[in-house]
Protein chains: 2
Amino acid sequence: MQERVTMADVARAAGVSSATVSYVLSGKRPVAPETRAAVEAAIAELGFTVNSTARSLRTGRSSLVALIVPDIANPFFAQLAATLQEELRGLGIHVVVCNTRARRDEERALLAEAVQQRFAGVVITPFRLLPRDFEAVTRAGIPVVVSADVPFGPVDQIMPETRTATRQALERVTAARRRRIAMIAGPRDATGGDPRLELLRTLALQFGTSLPRELVVRGEHTREAGAAGFAELMDRRYRPDAVFCGNDVIAVGALDKARELGVDIPGDVALVGHDDAVFASLVRPQLTTVRYPAEEVGRAAARLLGERFDGRGVHRTVRVRAEFVARASA
Amino acid sequence: MQERVTMADVARAAGVSSATVSYVLSGKRPVAPETRAAVEAAIAELGFTVNSTARSLRTGRSSLVALIVPDIANPFFAQLAATLQEELRGLGIHVVVCNTRARRDEERALLAEAVQQRFAGVVITPFRLLPRDFEAVTRAGIPVVVSADVPFGPVDQIMPETRTATRQALERVTAARRRRIAMIAGPRDATGGDPRLELLRTLALQFGTSLPRELVVRGEHTREAGAAGFAELMDRRYRPDAVFCGNDVIAVGALDKARELGVDIPGDVALVGHDDAVFASLVRPQLTTVRYPAEEVGRAAARLLGERFDGRGVHRTVRVRAEFVARASA
DNA sequence: ATGAAAGCGCTAACAA
DNA sequence: TTGTTAGCGCTTTCAT
């Protein structure tokens, strides 16, 4: 049962007080070079590492960041977790993953827990949450980074910049003389809005066409919902010749149904996904999509948190640029 | 700035000592019913929740379990993380995700950190680690669950039971009169063995054929490696008519190359994957594969850890059964 | 059945 | 430039 080495042990070995050891580590007050050297030697010799539990208790701040998302098993969030973890590793911070299963009660419970446990920070993709649900966390002074399509009040935020990429997608589609644009959207979130849908509608107008209400269907972010949505659209008397999807999973479902119905993609209908999930390039035809890079979101989240740890006080919104990826489906 | 409610606050409100509050929570010594009721009422009224940092400092045990894997972004491990997290949630335990990027130094560093931070447990899929790398962790009394193909010494372990499923795959392939069996294996791990390869070799013999050395190629678990491996196999004068892959990602790469070379799957060559990753059913032809269920691994890991927390002392090995999934590629 | 109090290892006043 | 020391909130031994 290997004994734990404490600061007191290091202090004794270096012939100083434990306060000095602490200050050598934190750099929060000047330490004479020779003292510092002695302490560092003792640390190395004894193999000391700080007990972050004790530090947390003392400072009232843990070294944990909570990543709160609807589903970590979703490739986008999995990649986000991986990147965030690697970026935060150097700061000695661990990432705790929390699944909300898209349920508001879970989202709220997790947020409350982050406050109770005095987490160092929270990175969250809210699904049913409203801006006021964040009051407690921000009041507790816990840095929060929200990754969402819409503004969420006085928190750091990462928002996608999809206008350009979506415009390129529309350009490609309309250049192929397609005018009957449709969308299979994801579920409406708590804010009631749907930025992807609204953006597409706005842009469609600019391209001299439109996104008529009857060509918008809605479902979960699942393959089944994608298939159902596509079937529904094909039933319309005003049949679309281009279908935009809320994400790639939906698009894959649409692809399934198209094959089943004998609808040729992209011959009869052009299909555009969203996110560029790993499998977007695996299906046939390969999915033309709007890529939203999880790695960059993770890096931005880590950077925003890092700035907050350093005590910077202004809330920032970082925009992450989505990229149009032209493949075979449109 | 909302004040934190401590046990002392609860004790004061209930007219008892903080020790009693602690014992009401832990049940480690009898408390009079009316005392208990008073304490519970105070807890509810004040909205008290224990400070797990303080508890950890005192007990020398945190409420964190580390999930140490080569890559959380890998769908298998992402699903494992999700399940583990949900199963452990009820025990008040958080899951910290740790990426090793398949590097031994990272694996060792993470294991060492788990000891230093007195984690409540570790769930690990070792990649380059040897059994003796676990000595420190077990000596520290930290429950370890290893998910691997081979035995790893005195730890709880989850091992796949793939014999039956692999036999079924071979049955299907040989029933179609295929005899020239090949494999695109993953990288050789630190133990030097490759159970999937060895199992296939053994079974092939039983089916009256073999897995000749020249029909075994090896690479990383990537799409590129799969493509390269397949190309190499198609170059052999003794050309295989059935190719087994170390995992589904490799199989997808093989599929890419087959299409490029004009090799018909399954007409010319049958292709069998491994794991049943999400995209196995997305590619065309859909992948015939040996499904290894991450959910069950996660549940088993949580169960094993739970037993250890309860103080059960024997090391157990849980076998998780893989399942043959027949689709179009073989 | 309950309470008093020590102390886990660290940080940050306050002193010198 | 460095040391002394008081806690952070909890668990648990020792008393009662």
Side-chain angles (χ1 to χ4, degrees), chain A residues 1-40 42-43 46-63 92 115-120 140-141 309 311, chain B residues 1-40 42-43 46-63 92 115-120 140-141:
Chain A
M1 194 63 71
Q2 117 180 6
E3 285 311 313
R4 223 192 173 297
V5 181
T6 71
M7 274 194 182
D9 299 324
V10 173
R12 206 172 309 119
V16 298
S17 75
S18 68
T20 297
V21 178
S22 174
Y23 284 118
V24 165
L25 255 32
S26 71
K28 287 190 180 171
R29 86 180 183 191
V31 176
E34 51 273 30
T35 309
R36 168 180 301 275
V39 169
E40 282 169 349
I43 287 176
L46 300 178
F48 166 81
T49 51
V50 312
N51 180 327
S52 62
T53 303
R55 172 180 284 173
S56 297
L57 179 58
R58 176 58 229 232
T59 61
R61 209 46 125 209
S62 84
S63 56
V115 176
Q116 284 152 14
Q117 310 295 342
R118 290 276 194 258
F119 272 44
F309 298 157
Chain B
M1 194 61 72
Q2 118 179 5
E3 286 310 315
R4 226 194 170 292
V5 180
T6 71
M7 273 193 182
D9 300 323
V10 173
R12 205 171 310 117
V16 299
S17 75
S18 67
T20 298
V21 178
S22 174
Y23 284 117
V24 165
L25 254 34
S26 69
K28 287 189 180 172
R29 89 178 180 190
V31 175
E34 51 274 28
T35 309
R36 168 180 301 275
V39 169
E40 283 169 349
I43 288 176
L46 300 178
F48 166 81
T49 51
V50 309
N51 179 326
S52 62
T53 303
R55 171 180 286 174
S56 297
L57 180 59
R58 177 58 227 234
T59 62
R61 208 45 123 212
S62 84
S63 55
V115 176
Q116 284 152 14
Q117 310 296 341
R118 291 275 194 258
F119 273 44

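Contact check for B:R4 versus B:T49: side-chain heavy atoms found under the 4.5 Å cut-off. Counting heavy atoms from C-beta outward, B:V16 and B:Y23 have side chains that stay 4.5 Å or more apart.
A nucleotide of DNA chain C counts as in contact with chain A when one of its atoms lies under 4.0 Å from a heavy atom; the first and last such, 5' to 3', are C:dG9 to C:dC14.
Nearest-nucleotide positions on DNA chain D for B:A54 and B:Y23 put B:A54 closer to the 5' end. Of the two residues near DNA chain C, B:R58 and B:T35, the one whose nearest nucleotide lies more 5' is B:T35.
Atom CZ of B:R55 is separated from atom OG of B:S22 by 7.5 Å, given to the nearest 0.5 angstrom. To the nearest 0.5 Å, the span separating OG1 on A:T53 from CZ on A:R58 amounts to 15.5 Å.
The minimum heavy-atom distance between A:M7 and A:L25, with the atom names listed, is CE-CD2, 3.6 Å. Closest approach of A:V39 to A:V10, counting heavy atoms only: O-CG1, 4.1 Å.
If you measure from atom CG of A:L57 to atom C1' of D:dA6, you get 13 Å, rounded to the nearest angstrom. As a whole-Å value, the separation of B:R61 CZ from D:dT12 P is 13 Å.
Contact check of residues 11-22 of chain B against DNA chain D (heavy atom, cut-off under 4.0 Å) returns B:A19, B:S22.
Side-chain atoms of A:R29 come within donor-acceptor range of the base of D:dT2, with a qualifying N/O pair under 3.5 Å.
At a cut-off of 3.5 Å, with distance as the only test, no side-chain donor of B:Q117 or B:S62 sits close to an acceptor on the other residue.
The backbone N or O of A:R118 lies less than 3.5 Å from no partner atom in the side chain of A:R61, so there is not a single donor-acceptor pair.
Using a 4.0 Å cut-off, some side-chain N or O of B:K28 falls inside it from OP1 or OP2 of D:dT12.
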